[in-house]
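Worksheet for the structure shown next.
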Amino acid sequence: MGHSNPILPDIKQRDCMSEHSKPLNFIEQIIAKDLEEGTTAQVITRFPPEPNGHLHIGHAKAICLNFGLAQTFGGVCNLRFDDTNPTKEEQEYVDAIKRDVSWLGYEWAGEVKYASDYFDTFYVWAQHLVREGKAYVCDLSAEESSAYRGWATKPGKASPYRERSVDENLDLLERMKQGEFEEGHSVLRAKIDMASPNMQMRDPILYRIRKESHHQTGDQWCIYPSYDFAHGQEDAIEGVSHSVCTLEFADHKPLYDWFLDNLPVPSRPRQFEFARLELNYTITSKRKLKQLVDEGYVDAWNDPRMPTVSGMRRRGYSPASIRNFCELIGVTKSASSIDVGMLEYAVRDDLNATAPRAMCVLDPVKVTFTNLPEDWQETMTLPVHPNREDLGERAMPFTQTLFIDRADFTEDQTLSRKKFKRLVLGEWVRLRGAYIIKAEEAVKNEAGEITEILATIVPDTVGADAPEGIRPRGVIHWVSATDNIDCEVRLYDRLFNDEAPDGGDKQFLDHINPDSLTVLKGCKAERGLARAEAEHSYQFEREGYFCLDSEHSTQTLPVFNRAIGLKDNWKK
Ligand code: ATP
Ligand code: MG
């Protein structure tokens, strides 16, 4: 013991040097110490989701933490489904969770694991507790049981079934398992302390009867272990060294340890708690997210407005941006709400560095150049990314008619240059990667709406400075009116219009933002976007980051989701 661990030097270095280094968080400090002192030989962590919904941003934090600890300390991390409650669980969720963890960039150790893999062992261990006089079958109804339990300041009362003999308990437990009793007839409880100040220790439930098929074990079982009777034992069976969970489980720790003390477990994991991630304007509860889906407030779990991993993926967030966000917020022991702007910042920061550029006109108005012939064909060459030469160049046809965004033109010549850095009647603007142009005339229909802008190009201004006396107000984006693709664009706003939709006694459904989705039809994009792939974001110049929607796009009409706008409103 106490021999030096080959992993440690790196960790220590990370602590004090390298530009990316950050001080170790409190869990990393504990693990570093355990390795140094030799109390831990190999770091084994786990991410233990219940397959009763899709993962959300809070789970992403737990994933980054658990898999990240394993990576940092040369250990491994298990993906283990906590599938002890068949009533709410489904195979579909198992599959979605596996996909989400992989997409976030993590690899679990060996096969996926399930609490249900260990049901036989749990049963044998339940019999063990009964034989030791530490568990009993209790026939109180749920209401009676809760009345007997007392409350924090009032000790509970012993169940009248507490003193059943070992033989009677073994027999009743076996009959529960054989399906002789109906749901709710009886439960198996640990015999600990009905007067404990910790409610969790007041003879907690170990098994309950559930006559339901299970997604992994089918109809093999009709009794299922409680979370508490399963979790620590799963950790012990898997040799988990550091079992990290959220703060609400701090109360359960004495019970976690009680099971480890009283069962013939093969290893001795330890539990550590950290603060849940809470984001403002966001719900992070699977139950409530499921309600949004079930009641039709959103399209599905992967609706791009959902804070689910699948929703963020479909919307165009990158896995790196989510990992960076989790790194940015760190790991603490005190609960606090994080500004959702910080997540958006992380997304923008990553996409800015990686996303190819493209042009898409969301609200097109036609511009015709009166000093170019009708059949004018010229090709403009633009970089795919301004700072990434390796990504190459793209070609954009420049023709006599183009589209620009309606909002990029005004007839109002009184607007200051500072206020309106776009095209004004009688003035100049630069078309991105192309000519400087001058607006000569606005053509209108009977209703007075502008239908076309007549303009002229300033010759020899592609890739060249403006000639004397010509001062373009700014740079705008464009696309050829005769060579482009049609597309639909979906803009998203926050799903909730209240900072804490879930706070106090608020009803989160009362705070849904009715304008969280805006669908723009008839948008015009540069032709290269016909090759866009779902989940890979582009920067549409001056508009934000967009990616092809995996569900609504068709062969003839691509649909683009705006992942995030360009403007950063997170105040550091
Ligand atoms: P929910 O309340 O959304 O259903 P949960 O905790 O019941 O969440 P689990 O599937 O049991 O969901 O969670 C798996 C792991 O993810 C647990 O270890 C849990 O502590 C962690 N986790 C869940 N929500 C958050 C969160 N908001 N922040 C950090 N970790 C979380
Ligand atoms: Mg849970």
Side-chain angles (χ1 to χ4, degrees), residues 25 27 45-70 77-85 87-90 92-98 100-101 104 106 108 112-115 215 225-228 230-232 234-235 238 240 242-253 256 269-294 301 306-312 322-323 325-338 340 342-343 500-503 508:
N25 67 43
I27 296 174
T45 55
R46 86 286 168 270
F47 172 63
E50 184 178 0
N52 59 352
H54 279 226
L55 300 180
H56 52 63
I57 183 71
H59 295 110
K61 174 173 176 179
I63 292 169
C64 291
L65 175 59
N66 280 298
F67 282 89
L69 289 171
C77 181
N78 293 340
L79 172 61
R80 180 217 306 147
F81 287 99
D82 226 321
D83 55 347
T84 54
N85 182 4
T87 317
K88 293 183 173 161
E89 299 165 4
E90 284 173 35
E92 179 216 322
Y93 297 139
V94 170
D95 298 337
I97 290 171
K98 280 157 56 176
D100 288 350
V101 173
L104 281 170
Y106 296 108
W108 50 86
V112 170
K113 297 173 173 54
Y114 296 88
H215 51 101
S226 61
Y227 168 86
D228 286 310
H231 201 84
E234 295 156 19
D235 286 344
E238 294 174 9
V240 166
H242 299 80
S243 178
V244 182
C245 63
T246 37
L247 282 177
E248 67 270 26
F249 291 102
D251 274 3
H252 297 238
K253 181 145 68 185
Y256 182 100
R270 284 181 301 146
Q271 175 182 302
F272 302 92
E273 304 89 21
F274 70 100
R276 286 175 76 84
L277 165 63
E278 309 275 4
L279 277 181
N280 63 7
Y281 296 100
T282 309
I283 295 281
T284 44
S285 147
K286 269 184 285 182
R287 186 175 61 75
K288 290 176 183 160
L289 294 174
K290 185 170 188 315
Q291 202 179 338
L292 292 173
V293 177
D294 291 345
W301 281 99
M306 290 281 270
T308 49
V309 174
S310 54
M312 294 188 287
I322 297 171
R323 291 195 303 265
F325 166 70
C326 293
E327 181 72 27
L328 194 63
I329 57 178
V331 178
T332 63
K333 272 190 264 198
S334 54
S336 68
S337 174
I338 303 281
V340 69
M342 230 164 125
L343 172 61
D502 219 5
F508 73 105

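Atoms within each ligand, like the ligands themselves, are counted from 1 in listed order.
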Atoms in ligand 1 with a heavy atom of A62 nearer than 4.0 Å: 16 (O), 21 (C), 30 (N)
Who are the side chain to side chain donor-acceptor pair (under 3.5 Å) partners of E278, not counting sequence neighbours? none
Using 30° and 60° as the class boundaries, would you call the ring planes of Y93 and H54 parallel, tilted or perpendicular? perpendicular
Which pair of non-hydrogen atoms, one from P51 and one from D82, has the smallest distance, and what is that distance? CD-O, 3.9 Å
Need the ligand 1 atom indices (1-based, order shown) with element for anything under 4.0 Å from a heavy-atom of P49. 10 (O), 14 (C)
Any salt bridge linking K253 with E273? Criterion: basic side-chain nitrogen under 4.0 Å from a carboxylate oxygen. yes
Across all chains, not counting sequence neighbours, the ring-ring contact (aromatic ring centres under 6.0 Å, His included) partners of F325 are none
I need the single residue from L289, L279, L343 that forms a side chain to side chain contact (heavy atoms under 4.5 Å, CB included) with P307. Which is it? L289
Note: ligand 1 atoms sitting under 4.0 Å from heavy atoms of F274 are 29 (C), 30 (N)
Contact (N/O only, under 3.5 Å) between T246 and ligand 1: yes
For F249 together with F274, are the ring centres under 6.0 Å from each other? no
Could you tell me whether R80 and E234 have a side-chain N and a carboxylate O separated by less than 4.0 Å? yes
For ligand 1, which atoms sit closer than 4.0 Å to a heavy atom of F47? 14 (C), 15 (C), 16 (O)
So for ligand 1, is E248 a polar contact partner (N or O within less than 3.5 Å, distance only)? no
Ring center gap for H252 and Y256 short of 6.0 angstrom: no
Does H56 approach ligand 1 within less than 4.0 angstrom via side chain, backbone, both or neither, non-hydrogen atoms only? side chain
Going by distance only, is there an N or O of N52 that falls short of 3.5 Å from an N or O of ligand 1? no
Output the list of atoms in ligand 1 that are nearer than 4.0 Å to some heavy atom of S285, sorted by atom number. 3 (O)
Measure from atom 6 (O) of ligand 1 to every heavy atom in R276, H54, E50 and give the option owning the shortest one. R276
Under 4.0 Å from one or more heavy atoms of P48, ligand 1 contributes atoms 14 (C), 18 (O)
Polar atom proximity, G58 to ligand 1 (N or O, under 3.5 Å): yes
Please confirm whether H59 comes under 4.0 Å of ligand 1, counting heavy atoms of the residue only. yes
